[in-house]
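Before any comments, here is the structure.
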Amino acid sequence: MSQEYILKPFGREIHLNLDYAAELNEQQYAAVTAPPGPSLVIAGAGSGKTRTLTYRVAYLLEQGIPPERILLLTFTNKAAGEMMHRVSNLLGQELRALWGGTFHSIGARILRSHPQNIGYARDFTILDRDDAGDLIKLCLAQHNVDAKDPHCPKADVLAEIFSMAGSTCQEIPALLQSRYQDFEDKADLVQLLHQTYIARKKSANSMDFDDLLVLWLALFRENPDIAEFYQRRFQFILVDEYQDTNRLQSDLVDLLASRHGNVMVVGDDAQSIYAWRGANFANIMDFPRRYPRATVYKIETNYRSTPEILAVANAAIAANTRQFAKLLAPARKSGLKPALVACTDAGQQAAFVAQRVSELAEEGASPGNMAVLYRSHFHALELQLELTRRQIPFAITSGIRFFEQAHIKDVTAYLKLAINPRDEISFKRLALILPGVGAKSADKLWQRFDASHRAAPGPQALAKSLQACALSVPKKSTVAWAQFTATMAQLDAPDSRKSASQMLRLVMDAGYKDYLRENHDRFERRLDDIQQLSEFAFDFGSVEEFLTQLALLTNVEAESNRKADDGMDKLLLSTIHQAKGLEFNHVFVIMLCEGLFPSKHSTEDLEGEEEERRLFYVAVTRAKDELYLCHPLIRGGFGSPDSHGFQSPSRFLSEIPGSLINEWRLR
């Protein structure tokens, strides 16, 4: 016979005496005071998600749950810090015993406590992205894989493959078949390199960022006693932004919650927009199936936007077939209807945005509370030029600066060398792309090329000077050098030099597209970037003018990023992905054209189209007071004037009833 005896932890009781019903709306109150058990909280945009989670923690503490029995999982350090700060403010004291942080920080904390169980020492180090890439290069060298072999994935691509395998819990062959078909025939080699990478990390007592979750899950699965310790410890688990979790994170949550079942996940299925980096939309949609006892709470009162903007937001997401049905309800007073602005071309679209921003500023609006949002960073090129001309300060939120990305610098190096054969930097950049060419051989080739070209300038001198270098080229590069010479001869031809767009097309057709596929991760996204660059180049009168403006934009973008935190009131230019979680008084969404937004690749299946529609919904719901939806009627095409034609408005615009918007006609 056995009897259970409940051991109550001793600690100072917390009496907040909060009037939850008075401080929360009815839907928030229901979620905050939910009884034990699994709960799914669908928190619509601007509905007070953070407030709900904060009060949920306070409520649990008031019910006598010790803080060390609560686990709060978030996605960013900022979100974790904000939530812990709010809880502390409610309590009037620091809560050091409460476990709160990102998935990765909690994973590191647990792994530090049990390193020996996974074959590590307690003082293990964590590799950053560059360190991980360097270690993968050592693995390639260990197996005598030629770093310049065009048919093998390079270190950056392998790093992405390894990371995606961990976050999606897939074996390498299956992952290559589903996401990286170009390397499917290299599955055995990639798998061998992955195993070597894992072994070398362990030998160096190092983990990469993904290991903090992969090894955390492995620790629990291989050590049931340790898993049970944490299952018993964390009596209540709260998860923020659940729609962004990947398969690995979902498995961790399910495993931790398997004993008590007291897991509350909070998120918005309509804002699930990160499938490309491994987020699993099925996690939030299938939660009620995985937890049959789960109660679904909906929080639909929006405190951010005007009723007119919310009406457009509700219409924008309505066409999605797979979602938790909800209707954002306004808490604010009526305002202006969102504007639908059809522009002749990207230049007129830029002029409209710049002028309207200036008008709003003159009316007293702060540029720091305005944002221009777009699907891809290149959609704002014309706007950057226009803002620069008008001396309107702006900041760009773009992660790695667009013009500093390798593929953009590569293709523009071809044009720079064709226009200016004395450009040593561009010459060496292109030489180093070739198999078998290192820094020393690139320098020798440059010395010979430069001497030859200076000795005999004139028509076709570029190609002749490159041919003169052929005998100095490493054997591995013989074929590639011949192709390079032929490409530069084409670019140097008078007809080609009339159009930067045409020159970019020649570069892609001459083999750079294949190089891009074999050497860089996220191939299709990079290819789109270059196609957008070609469209941007189409409208310039000369190649020299295009390269000049590109250099100016590069410097402006770099300066904007450096000064983003200087306190100056600036208009924000941002991709929608990076604007998620932010809000602005005035929002402009630009380039709402078929093939641009939604992107042409995303509409190949229903799942991709619905994620693009969720992305549009996220853009709309960033706006508080005014929303402008803009689309150009004409857009330059990739490579030739023949593809320079009309653009169809985005399908998402046609899904919004005309009665909900004002059409602005530009003169």
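Reckoned from all heavy atoms, side chains included, excluding hydrogens, waters and symmetry mates. In this chain, residues are counted from 1 in sequence order.
Side chain of Asp211 to main chain of Asp208: a donor-acceptor pair is present (N/O by atom type, distance under 3.5 Å, no hydrogens or angles). The backbone N or O of Ala199 sits nowhere less than 3.5 Å from a side-chain atom of Ser203 that would complete a donor-acceptor pair. At distances below 3.5 Å, not a single donor-acceptor pair connects side-chain atoms of Trp446 with backbone N or O atoms of Ala431. Side chain of Ser477 to main chain of Leu434: no donor-acceptor pair is present (N/O by atom type, distance under 3.5 Å, no hydrogens or angles). Not a single donor-acceptor pair under 3.5 Å links the side chain of Gln177 to the backbone N or O of Glu184. Ser574 contributes no side-chain N or O that, together with a main-chain N or O of Leu373, makes up a donor-acceptor pair within less than 3.5 Å. In this structure a side-chain-to-backbone donor-acceptor pair under 3.5 Å is present from Asn246 to Gln249. A donor-acceptor contact shorter than 3.5 Å is absent between the side chain of Arg232 and the backbone of Ala227. Side chain of Ser599 to backbone of Gly595: no donor-acceptor contact under 3.5 angstrom is found.
A perpendicular orientation is assigned to the rings of Phe484 and Tyr414, their planes being inclined by more than 60° (bins at 30° and 60°). Using the six-membered ring where Trp is involved, Phe124 and Tyr120 have ring planes that are perpendicular, over 60° apart on the 30 and 60° scheme. Classification of the Phe103-Trp216 ring pair by plane angle, with boundaries at 30° and 60°, yields tilted.
In this structure, CG in Asp244 is found 7.0 Å from CD1 in Ile273, a value given to the nearest 0.5 Å. Within the model, atoms CD1 of Ile110 and CZ of Phe220 stand 4.0 Å from one another, a figure rounded to the nearest 0.5 Å. Taken from CE in Met207 to NZ in Lys202, the straight-line distance is 9.0 Å, to the nearest 0.5 Å. From Leu193, atom CG reaches atom CD of Gln195 across 9.5 Å, with rounding to the nearest 0.5 Å. For the atom pair Ser178 OG and Gln170 CD, the distance stands at 4.5 Å (nearest 0.5 Å). Atom CG of Leu592 sits about 11.5 Å away from atom CD of Gln647, to the nearest 0.5 Å.
Between Pro288 and Val296 the shortest heavy-atom distance is CG-CG2, 4.2 Å. Phe287 and Leu40 make their closest contact through CD2-CB, 3.7 Å (heavy atoms, listed as atom of the first residue, atom of the second, distance). Here the closest non-hydrogen pair linking Tyr274 and His577 is OH-O, 2.8 Å. For the pair Leu516 and His407, the tightest heavy-atom approach, listed with the atom from each and the gap, is CD1-CB, 3.6 Å. For the pair Ala187 and Ile172, the tightest heavy-atom approach, listed with the atom from each and the gap, is O-CG2, 4.3 Å. Contact record, Asp268 with Ala43: CB-O, 3.2 Å, taken as the closest heavy-atom pair.
Within a 6.0 Å sphere centred on CD of Gln483, heavy atoms belonging to other residues, nucleotides or ligands number more than 12.
Asn280 and Arg247 are not linked by any side-chain donor-acceptor pair at a separation below 3.5 angstrom, with hydrogens and angles left out of the test. Using modelled atom types, one finds no donor on one side chain facing an acceptor on the other under 3.5 Å when comparing Thr102 with Thr74. No donor-acceptor contact under 3.5 angstrom links the side chains of Glu160 and Ser163, judged on distance only. No side-chain N or O of Thr196 forms a donor-acceptor pair with one of Gln142 less than 3.5 Å apart. In this structure, a donor-acceptor pair under 3.5 Å is absent between the side chains of Thr245 and Ser250. There is no side-chain donor-acceptor pair under 3.5 Å between Gln191 and Lys186. Between the side chains of Asn223 and Asn117, a donor-acceptor pair is found at a separation under 3.5 Å. A donor and an acceptor atom, one from each side chain of Asp410 and Tyr512, are located under 3.5 Å apart.
Here the two rings, on His114 and Tyr230, have centers that are under 6.0 Å apart. Ring pair Phe183/Tyr180: centre-to-centre distance not below 6.0 Å. The six-membered or imidazole ring of Phe597 lies away from that of Tyr374, with a centre-to-centre distance of 6.0 Å or more.
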Test Arg651 against Glu609 for salt bridge (Lys or Arg N to Asp or Glu O under 4.0 Å), laying out the working first. CA-CA 10 Å; Arg651 67 190 67 185; Glu609 179 183 332; 3.2 Å; yes
Would Ser602 and Glu611 count as a side chain to side chain contact (heavy atoms under 4.5 Å, CB included) here? Give the steps. CA-CA 8 Å; Ser602 67; Glu611 175 150 332; over 6 Å; no
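Residue Asp269 is tested with Gln243, Arg322, Met285, Arg614 for a side chain to side chain contact (heavy atoms under 4.5 Å, CB included); the sole match is Met285.
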